[in-house]
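Let me begin by presenting the structure, written as C-alpha cells, before commenting on it.
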Amino acid sequence: MNRDKVKIVLIEDSPADVEMALDALKEYHLANQVKVITDGEEALHYIFDECAPGREECPQVILLDLKLPKVGGLEILQRIRSDERTKMIPVVVLTSSTEDKDRVQSYKLGVNSYIVKPVEFNNFAKAVSEIGFYWVLLNKPPY
Amino acid sequence: MTLPALRTSAGINLEDYTKAMLNILEDSSHEKERLEEMQRAVVNILEDFSGEKGRLEGTQRAALNIMEDFAAEKGRLEEVQRAMLNLLDDFGMERERTEAANRELREAIDSLRRAKEAADAANRELESFAYSVAHDLRSPLRAIGGFSQMILNKEGATFNPETRRKFGVIQENAQKMGQLIDDLLRLSRLSRMELNRSHLDMTRLVREVLKEIQVAEPERSFTIQIVDLPAIHGDAALVRQLLANLLSNAVKFTRGKEGARIEVGSVERSGEHVYYVRDNGVGFDMKYYNKLFGVFQRLVSETQFEGTGVGLAIVQRIVQRHGGRVWAEGKVQEGATFYFTIPEKERE
C-alpha cells in the first residue's frame with residue numbers, strides 16, 4: 001500500500017469512522033502513516049509482535065476506540081500499560097462513550113488523552129486532524 | 001341369813017358365828033372398797049376416755065375442716081387451672097393468628113422485594129439499552145453527515161443549488177438526530193447520577209440562565225419579571241438545567257408574540273414553596289396535558305417551533321429526582337405556567 005513508516009495505529013472497527021479519520025488526517029499529510037486495525041485481538045497481536053519500542057513499527061500514538069470486537073479498548077489499554085516493552089507508547093482513547101466510568105477508568109489505566117468523537121462530521125474531522133498534528137508533529141515520544 | 005341359821009342348827013356357837021360374820025362383813029367391806037376403787041378407776045378411765053373422745057372429736061372436726069378447706073382449695077385450683085388452660089388456648093389461637101399474620105407479612109415483603117428487584121433489573125436493562133442504542137446510533141449518523149460533507153468538500157463547487165440544498169437537508173437531519181440522541185442520553189443519565197445537594201440562590205440562578213439564553217438569542221425581546229425567590233436545597237447542575245429548559249421554552253414559545261412577557265415567581269402553598277415560570281406565548285390545550293411531560297411528545301408543530309420533545313421530560317425527571325412535583329396550566333394562544341416544588345430533603 002505504502003512504504004511510509006507507521007506513525008499512528010488506529011484501532012477502530014467502524015469502516016465509516018476509519019475512512020473519515022483517514023480523510024481528516026490528510027490535512028497534515030499523515031494519512032499514509034496510519035496502520036488501521038479493526039479488531040481487538042488483532043490489535044494486541046500487532047502491538048506486541050510488531051511495535052515494541054526500538055522496532056521500526058513502533059508508532060508515535062495509538063488511537064484507540066473502546067468498543068471493539070473480541071477484545072475491548074479498556075483491556076487493550078491495560079495490556080499495553082502493564083507490559084514493560086509497550087507501557088510508554090502514547091495512547092489516545094477516541095470513542096463515542098461519554099460515560100464517566102469509561103473516562104475515569106481510562107485515566108486510571110494511564111491513558112494520555114481521552115477524546116469523545118464529536119457527532120458532527122466537521123468537528124470530528126477537526127478533532128482527528130488536531131490529534132494527528134499534536135501527537136505526531138508536535139509531541140516528542142519517550143523513545 | 002340362811003347360812004348362819006344352818007350353822008347354828010349345826011351347833012356352831014354364836015360368838016364364833018358373830019366373829020365369822022364380822023370377818024365376812026369385814027371382807028365384804030374390803031371387797032366393797034376394792035369394788036368402789038375399781039369403780040372409781042373405771043369412772044376415771046371413762047372420764048379419761050371421754051376427754052380423749054372430746055379431743056378426738058376436736059381433731060376429727062379439725063380434720064374435717066381441713067378436708068373441707070382442701071376441697072375448696074382444690075375447687076379453686078381447678079378453676080385456676082381451667083382459667084389457665086383457657087388462657088393457653090387463647091394464647092395458642094393468638095399465636096396462630098400472629099404466626100399467620102407474620103407469614104402474610106413475610107410473603108408480602110418477599111413479593112415486594114422481588115418486585116423491586118425486577119423493577120431495578122428492568123431499569124438497569126432499560127438504561128443500558130438507552131445507552132447502547134444512543135451510542136450505536138451515533139456512529140452511522142456521523143457517517144451520514146460525514147460522507148455528505150466529504151462529497152460537498154470535494155465536489156460541492158460543481159453542484160447546482162438544488163443538489164446543494166438537498167445535501168443541506170441531509171446534514172440538518174443528521175444533526176437533529178444527534179441532538180435527539182444527546183437528549184435521550186441526558187435523560188437516561190439523569191436517573192442514574194447521584195444528587196449533589198447544596199444551598200442554591202434561585203433568584204441568581206434564574207438571572208444567570210436568562211442571561212445565557214439572551215446571549216444565544218440577542219434578537220429576541222421580551223419583558224421579564226422575577227420576583228424574589230426563596231433558596232432551594234438541590235443539585236446545582238440539575239436545577240440549572242431545569243430552569244434552562246423551562247425558561248428557554250418560555251422564550252421559544254413567546255416568539256413572534258406582541259408584548260412577550262415572562263414571569264418567574266413563587267407562592268407558598270400548604271407550607272411549601274411552589275415556584276413557577278409563566279409566559280403569554282402559544283400555550284397548550286389542557287386536553288393533551290397527559291402528553292406534556294412525555295418523552296418525544298410535542299404539542300406544537302416542528303415547522304413552527306423547533307425541539308426534540310425531551311425538554312419537559314427532563315424537567316420532570318429532575319424534579320422527581322429531588323422528590324418534588326411538577327405540573328402546568330395552559331390555554332391555547334394565551335400562555336402557559338409551569339409549577340414545581342423541591343422539598344428540603346429527599347423523601348427516601
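Below, chains carry the letters A, B, ... as their sequence lines are ordered, and counting in each starts from 1.
Within the 4.5 Å cutoff, the side chain of Ser14(A) has no heavy atoms near those of the Arg142(B) side chain. Side-chain contact between Asp23(A) and Gln149(B) is absent, with no heavy-atom pair separated by less than 4.5 Å. With contacts defined as side-chain heavy-atom distances shorter than 4.5 Å, the pair Phe121(A)/Gln171(B) does not qualify.
For a residue to count as touching a neighbouring chain, one of its non-hydrogen atoms must lie under 4.5 Å from one of that chain's; by this rule Thr95(A) does not touch chain B. In this structure, chain B has a heavy atom under 4.5 Å from the side chain of Lys67(A), while its backbone stays farther away. Contacts of Asp100(A) with chain B are absent, with no heavy-atom separation under 4.5 Å from either backbone or side chain. Neither the backbone nor the side chain of Pro15(A) comes within less than 4.5 Å of any heavy atom of chain B.
A 6.0 Å sphere centred on CZ of Arg255(B) holds more than 12 heavy atoms belonging to other residues, nucleotides or ligands. No more than 12 heavy atoms of other residues, nucleotides or ligands sit less than 6.0 Å from atom OH of Tyr288(B). Heavy atoms from other residues, nucleotides or ligands lying under 6.0 Å from CG of Asp120(B) number more than 12. Glu194(B) CD: 12 or fewer foreign heavy atoms inside a 6.0 Å radius.
Interatomic distance, Met20(A) CE to Phe147(B) CZ, rounded to the nearest 0.5 Å: 5.5 Å. To the nearest 0.5 Å, the span separating CG on Asn153(B) from CG on Asn122(A) amounts to 6.5 Å.
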